[in-house]
Structures are given as C-alpha cells and as structure tokens.
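Protein chains get the first letters and strands the later ones, always in sequence-line order, with residue 1 at the start of each.
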Amino acid sequence: MLTALLFMLGLGATCGLMLSVASKVFYVYEDPRIAEVESFMAAANCAGCGYTGCSAAAVAVVAGEAPPSVCVVADAEAAANIAAVMGVDPGTAEPLLSYNTCTGGDRAADKYYYMGINSCQALATLYGGKHECPVGCLGLGDCVRACVFDALKIGPHGYPVVDEMKCVGCGACEKVCPKDIMEIKTMSQKLLHLNQYDDRIAPCQQTCPAEIDIPRYICQIKNGDYEGAVNTIRERNPLMLSCGRVCPHPCEDKCRRGIEDEAVSINQLKRFVADYEMNSGRHLPVSVAPSTGKKVAVIGGGPAGLSCAFFLRRLGHDVTIFDAMPKLGGMIRYGIPEYRLPKEVLAWETDGILNIGIEHKPNVMLGRDFDIGSLVASGYDAVFLGIGAWKDYTLGVEGENLGGCYTGIIFLTNFALWQQEDGARDRQPFVGNKCVVIGGGNTAIDCVRTLIRLGAEEVSIVYRRTRKEMPANEVEIVAAEHEGVKFTFLAAPTRVIGDEEGNVTGLEYLKMELGEPDASGRRRPVPIEGSETIMEIDMLITAIGQGPDVFFKDESKRLDKDLNLTRWDTIDCEDPVALQSSIPYIFTGGDSATGADLVVSAIGAGRRAARSIHLYITGEEITPPDKTLFTNNIPVSIFDSVEGIEKSARTKMPELPVEDRIKSFVEADLVISEEEALYESDRCLQCCLTCYNKDVA
Amino acid sequence: MSEMGYFSIIISTIFVNNILLAKFLGQCPFLGTSKKMETAVGMAMAVIFVLVLAGSITWVIYHLFLVPFDLVYLRTIAFILVIASLVQFVELFLKKSIPALYAGLGIFLPLITTNCAVLGACVINIDEELGFMKSLVSSFGFAVGFGVALILFAGVRERITLARVPKPLQDTSIGLVTAGIIALAFFSFKGMV
Ligand SMILES: Cc1cc2nc3c(=O)[nH]c(=O)nc-3n(C[C@H](O)[C@H](O)[C@H](O)COP(=O)(O)OP(=O)(O)OC[C@H]3O[C@@H](n4cnc5c(N)ncnc54)[C@H](O)[C@@H]3O)c2cc1C
Ligand code: SF4
Ligand code: SF4
Ligand code: SF4
C-alpha cells in the first residue's frame, strides 16, 4: 500500500515537475489577451468558425484578423465581452450583418432538379445546382442549419430571411452557401456596392440609374412594412419624395410585366412610402458609420451634391455642402415649379439629409466667394463638384435679347426666387399675353405650365422635331396638353422681331420636314425652303438646353486651372463610374458631368462619386470592377415574352382636375391610396435575374 | 502476438485488430472528427505521433517501475497520468520548437489527452507481453489503423451528404450505421494472421 502511494506521489510529482519545467523552458510569449479572449469562447473546439479550434480563433481575434463575434457557438454576450477585452466598443464598430441576395425562393423548383436531396451543398456538387438560373438560391437551407444564433429561417417565399436582431455577422452562413448567396456586409459595404454583371437583380433594378432594389421595396410594401421600404430605398436614394414626384421612371420601361401588360407603377409606390414617412412627421433614423475624421467639401447642393454628401456622411466622413443659392435642392428647387414639387416637401427632405450630420453653407459661390485652392488650404481631403447645368444655350439668331425675351432657367429661377424668398418679393416676373416657349424638354414644359398658371392668355411651344422626339417626361407633355398649351412642331426659329421700343413682337420660323434617317436611325428635320412664317408674340422664352456654368475656372488663379473640361463645358472625367476629374482629389457627377439629365441619374452619380471619394481618401483603388453593370442590362434577364401573365390594370395617378390646377400652384399630381399601393405592389412579379413569381402573374 | 514477426504485427494492428473497427476504442473522435476529410487527416497524424510516444513511455514505466514494485494493479491510473502529461509536454514542446507542426496538429493534441484509443493500445501492448521494439511497432500499427479507418470513414461520410437519407437517420445515426458496415467489412480480415 505504502509503495503504491509513494509510487503515485512520485509519478505525479515527476509529471508535474516536468511540465512546469517544460512550460518554463518552452515558454513562448503570448499576448495575455489571447487567453482572456479564449476564456469567453465556447471551448467546444468545433472549428465552426473556420479556425483550428478556439485558441487559434482567439489568436486571430487578437491579431485583428477575426471579429469579436467569430465564435459561432458563444452568444452575443460573449462577443461583447471579447470586444471589451480588445478595447473595441461593440456599439461603435459597424456591425456586420448577413443578407440574402436572391429572392428566387419558392421558384427554386422551376430552376433546379430536385431528387430528394436535402442539402444545398449536395445539390450544388451533384448538378452544379443548375437548370435555368446559374446563380439562384437552392432553398434547401444549409445556411439556416449553419447559423447557431437562430438568425436565419426559410421565409414564406422559400428563401432565407435574416433576423437582423439576432444575426451577429459570424459569417457561418456565407461560408456554407454553395451559391455565394448569403453575404456578410457592413452597411458601408452595402452602400458602396455597384450593380454588377453577376448580381441577381431584376431588370428594373438594373435599369434604375440609382440602382434601387426595387423588388425588395415593393415586397416590403406588399407586406405592409412601409418603413422597411423607405430604408431600402434610402440605401440608394436619399431624395425619394422628390424622385417619387418628378422621376420619369426609366425602370418602368424595362419592367418585366410591361412586356405583356402595363408596367408596374414603380415610382408611384416609391412616392407612396416616401409620403407615408413624411406624413408620419418623423424622419426614420439613418445609420451612420463611426467617424473617420476625413473632411470632404461638396460644391453644389443639387440632387448630385446632396446624394454624394448623404452617402459620404453615412460612410463616416465629415461633409460640408457649399451652395450658391439660399436653399438646398438645386434645379429641383429653382427649376422644377411648385405645382410639381412643393417646396415644403423638398425642405422636409433636405432637412432629413442635413439631420444626419451634414453642414450646409448657403449663398457662397465657387469662383466668387472661394476657390478650390482655399478648400484644400482649409483641410478638405477631397472635393465633389456638382454645380449642375445652369447656363442656357442660346438660339444664336437675331433679336434674341429684345425686351420680353428670356431663357428658360433664368425665367424659372427668378420666378422660384420671387415665390420662395422674402427678399425677392419686389421682383415680380414679367408675364406676356401671347407667350412662346422654344424647346421640347422639361424646362420648356415647366415654363409653359408656369405661364398658364400666371395667367398668360395664349401659351405655345415651338419645337424643331415632332412630339415623339420631345425629351420631356411623357406625363408632363400630356398635362401641358390638357392645360391648353398649343404645340407647333417641326418649326425652327430664324429671327426674333421687335418694335421701336425694343420689345419683342414676333417670331419668324422655318417649317421643317422629316428627312432621311441619320446614323442613329432618327429622321432628321430639314428646313423647307421659303416657308418662313411669322408668329405674333409678346413674350419669348428659349429653353433649348443647358450646360454647366464654369466661369469659376477663369476667375481662379490657382489649381482650378488644371481642371479639364469637355467641349460642352462639362467636367471631364475619363470613367463615368469612377467620376474622378483630371485633378485627382476632385470628383464630379450629375448635370455638371453629363450635361442636363435626370434627377435620378444625378443621385446615382452622387453615390458613385461618394464611393470613389471614400476609396480615394482611405487610400484604396478607385477603378471600378470590370464587371460593373452601369446602366447596362444583363442579357439573360431581358425577355422577349413572359409566360402566363394575366392582364391587370395599372393604378392611375390621381391628379387635380384641370380647371382647379391651372389657377394655382398647388401640387397637381396626388399620391395613391394605401389600397391602391397594396394592389399595385401585388402586380409586381418579384423578379430576380431569370425567374419571377408566376403566382401573381 | 508476442511470437509474431514485425510484419505480422503491422498487418494485425492495422487491419485485423483495427483499434476502431475491431476493438471499438476511440469512437468519440471517430464520429466527431470524421465529417471533413481535412480534419480526419489532421487527427490521424496527431494520433500516430502521440501513440508511438505513449506506447514507448508506458512500456518503460510498466516494465521498470510497476512490475519490479509489484504495482501492476496501478497500471490504468498511472498510464492515464503519464499519457496526459506527455501530451501536454509535447504540446508545449511543439509550440516552441516546431511551430509549423503545432499549427497543423494544434487542436487535435488536447483531444487526444484523454483518448481511449491511445490508452487502449498501450494496454494491449502490455497484455500481449510484447518487447520494447515490438510494442513500438504495434503502437505505430494501431495508430496507422486508426488513421486508415478514420480517413476511410470520413470519405464515406462526405459522400453521404450527397445521398438521400431519411430524416430520422441523418447525421450521427447514419454515421453509426456506416461505421457498423465498415466494421463488418474489416471483419473479413479475421484469421489472416
Ligand atoms: C426646369 C427643369 C425641369 C426638370 N424636370 C425634371 C424632371 O421632371 N425629372 C427629372 O428627373 N429631371 C428633371 N430635370 C433635371 C434635373 O433637375 C437635373 O438633372 C438635376 O437637378 C441635376 O442635379 P445636379 O445636382 O447635377 O445639378 P443641380 O440640380 O443643377 O444643382 C447644382 C447646384 O450647384 C449650385 N451651384 C452652381 N454653381 C455653383 C457655384 N459656382 N458655386 C456654388 N454652387 C454652385 C447650384 O446652386 C445648385 O444648387 C429638370 C431640370 C430643369 C431645369
Ligand atoms: S442561401 Fe445558399 S445555403 Fe441558404 S438556402 Fe439558399 S443556396 Fe442554400
Ligand atoms: S445569419 Fe449568418 S452571419 Fe448571422 S449569425 Fe447566422 S450564420 Fe452568423
Ligand atoms: S415585375 Fe416587379 S420586379 Fe419585375 S421588373 Fe417589374 S417592377 Fe421589377
């Protein structure tokens, strides 16, 4: 017995001694935090996190290679404890969240061969998981089983739905999904994403210049989640109240339902949720990344500048908007008239944007009050130049400067200032009796509809081509027709005639006819010899297009001289996606880069510029990936015909009766009702790249 | 087994008396680390490494201390203590001296600390009254047998994910059924040596 005791004691002592000596001799310095971090992990050594066991994961956390939430078994509290050890405040670090990029869901059965296999991995290995759609969700829920936080479930539509409250961003689902559908991203990464050729996106989303996730927000509307829809739109478009009113919705032209039926009224749905937020009286909270301490100057507070500022702020940078005008909005405030976009609505929208922490310096003009050099000197890391296109083109004919002759932007801006600014109340705009507006764009239509409301007796449009070629929004042209505007098509002004006092009395024009089609397939108008006609008028507005006003370049003595312009005076940027000018820290977008375009294009450009600026000031590569979609369509997703569509009427836009609206500047187009919105959202086929929801078809 | 040649010992320990499939020891890592080929290979390597060391040390302890002092009945507890300390020691040693090997085998070492396959193989060596060299070879054989079975099994399990398994049988259940069938296959080696 004694020997046994002595032996065990001896053996124990020897082992213990050996180990303690060994731990001294073979001592490797280890960051004490590793042990501490490891103590919060589940100690299951399951390798579920992708590292060979808990201690390897702890080493990775301490080395900064893995997030505090790396452990797939431990709970959120453990992640918080680990974050505390590492000295990062889990509250300020931008959370990683999982989200699903395919909404194919229960349509999976149409896309893949199902043979009783019940794992996505297996299906993908055996058949490449492919039948029709190369990239869609298989819907067998490997990701759901991989999530130990119970944050994923297969939703009613057969694809995984993330519970954002539970997801800790561990990435287990992303690793396990064979189709790379689950993506773990921070909000910043989501905001920086540009549509790509390998994305799973519906035709409407591919076509939207702002790249809004249209099927997602329509689906949210359908489920009554209006706030969710607002947030989805706001990931791509901070000006949804304005866009919802004035956007000519190019997305609807590519709507898949539109191939067989009337397109879904996407923009009215946007307006519906945007108005819903405004009527609730509260700006929904917007997530903003932790501050980076970088400063960016945004010159021009139009849609492009506002969008760029908004996204830069959400990415954590400090932004200041410098604008020449007293209030924000650019052309949508001083060009687009009140009856189309009430300025109270616009103010509510721009307030919401400034509220997230953007500074606004009004009444300062680049070239007059400051130049780019002075911005650099005051420590701005990059500059966004979004000065729009405010300089009207002129006809270049005799008599254009007679009394009673205006240009479109000047007329509209002066009128808007008179209407909006107390200081401008004495400058009432002149209104003639027989007014002619030359041009076929939105500016021309806004001028005529404004003149009608101001009481002009006879208002007409003179346009070089035919109605079909008019670039203005179709709804606008129709409204102008209803309101009694006369149209003279195929007419090219040749001379403006005045009286002795220098006031305009007539417009001489040549009649045109359509000639041979040109290279672009359009039939060019050619003048008919000797067809000069004179029209009696007492007011003329030329609205034949605008270009950027780049006078600041001549005023400047410094850097601004190196800024290259194109021959249309737009700011030259080699890559329309990167939007970097010839001076590396100056970026541009919107009308000042493209010439007069759309609000939604300016918003898209603002976000692309924000992306480039973010990458530039954080020292990363700006060049966009080769597979960037940029307003192109993915060929497989564009169909010639769509099977099984049952026609259903598109919701009509409610509007004020003509006799009421021509007497005042109150908003003419109204918002659709909740029932109509639900009906309309139900018309959406919830398209993905190649599939769509046949049940609602 | 003591009268067998080295070659027969190797055949016997790898196939006929496979520690996992004939002796049914070490079932826990057999099921636990066989879901992925990668982990299975890592585990197999770690077991070979540790078992050869443990086999020789326990032989020495047994024949130099336990037998002379008539303490054979302390064999199990002494072996457990020795093997556990040994694994800890090896872990410390590798971490300092051969970090690359440590990175590969790292997580598997602690799992082997209390692995019954290792203890079992050591005990069998003693029971069969093998000499030092033979017990060394036998330990190596057992470990290789462990590795062979584990890797085979992992291969089969990886394939099973592709198959259509009824719900109640999924995962561990089908794993056990498969293990049984593989064991039956190994049964055919019976009587070879
Ligand atoms: C009358 C009219 C009607 C339109 N209707 C529609 C429509 O229905 N739908 C649609 O989608 N689009 C419409 N558009 C086009 C749309 O308004 C523009 O494409 C859009 O506003 C462009 O945005 P932006 O930010 O590039 O420029 P802008 O909106 O022009 O903003 C430029 C900003 O820069 C400021 N700025 C200019 N120069 C300087 C300087 N030197 N220093 C400091 N600040 C400066 C200006 O004050 C302004 O705030 C219309 C345009 C006009 C003129
Ligand atoms: S997201 Fe991936 S893992 Fe999840 S159900 Fe779809 S295909 Fe399967
Ligand atoms: S949803 Fe994905 S990232 Fe989020 S906790 Fe679950 S497995 Fe991890
Ligand atoms: S049906 Fe819906 S998802 Fe499909 S293209 Fe039209 S709006 Fe987009």
Side-chain angles (χ1 to χ4, degrees), chain A residues 1-30 34 38 43-60 114-127 129 140 142 145 176 178, chain B residues 29 32-33 35-36 38-39 42-43 46 57-58 61 64-66 68-75 77-99 102-111 113 158-167 170-171:
Chain A
M1 186 61 202
L2 189 66
T3 11
L5 265 178
L6 280 178
F7 172 76
M8 284 314 293
L9 261 177
L11 193 65
T14 324
C15 288
L17 206 72
M18 243 176 53
L19 282 180
S20 60
V21 170
S23 69
K24 193 87 193 152
V25 174
F26 300 125
Y27 173 73
V28 190
Y29 173 76
E30 203 175 51
I34 294 179
E38 195 180 340
N45 267 326
C46 66
C49 55
Y51 295 93
T52 44
C54 300
S55 46
V59 171
Y114 283 83
M115 308 186 58
I117 291 168
N118 35 30
S119 119
C120 307
Q121 280 285 354
L123 197 61
T125 319
L126 284 182
Y127 306 107
L140 293 176
D142 281 12
R145 287 185 286 276
V176 81
Chain B
T33 60
K35 277 194 196 145
K36 272 211 238 124
E38 218 180 303
T39 13
M43 185 68 185
I57 298 254
T58 47
I61 300 272
L64 253 55
F65 297 102
L66 299 182
F69 294 106
D70 207 13
L71 292 170
V72 183
Y73 61 90
L74 283 179
R75 184 173 72 174
I77 188 166
F79 281 13
I80 291 177
L81 189 63
V82 169
I83 295 173
S85 318
L86 176 77
V87 175
Q88 289 297 309
F89 182 82
V90 170
E91 199 183 340
L92 285 169
F93 172 78
L94 287 186
K95 202 169 182 177
K96 172 86 174 179
S97 319
I98 323 177
Y102 177 76
L105 301 185
I107 58 152
F108 303 108
L109 288 176
L111 293 183
T113 318
E158 276 196 346
R159 290 250 122 197
I160 285 179
T161 48
L162 305 186
R164 183 175 172 176
V165 181
K167 204 159 207 134
Q170 277 166 20
D171 213 34

Worksheet item: Would you say B/R159 has more than 12 foreign heavy atoms packed within less than 6.0 Å of its CZ?
Response: no
Practice prompt. Work out which heavy atom in B/R75 is nearest to a heavy atom in B/L66; give both atom names and the distance.
Written response: CA-CD1, 3.9 Å
Practice prompt. Can you measure from CG (B/L74) to OG1 (A/T3) and round to the nearest 0.5 angstrom?
Written response: 9.0 Å
Practice prompt. Would you name the heavy atoms of A/L19 and B/Q88 that are closest together and state the gap between them?
Written response: CD2-CB, 3.7 Å
Fill in: Under 4.5 Å from a heavy atom of chain A, the part of B/L92 involved
both
Response to the item:
One option among B/F69, B/F65, B/F89, B/Y73 has the most heavy-atom pairs under 4.5 Å with chain A, and it is B/F89
Worksheet entry | Donor-acceptor contact present, side-chain A/D142 to main-chain A/Q121, <3.5 Å | yes
Fill in: Contacting moiety of B/L86, where chain A heavy atoms sit under 4.5 Å
neither
Fill in: Residue-level interface, residues 4-11 of chain A with chain B, non-hydrogen cut-off under 4.5 Å
A/A4, A/F7, A/M8, A/L11
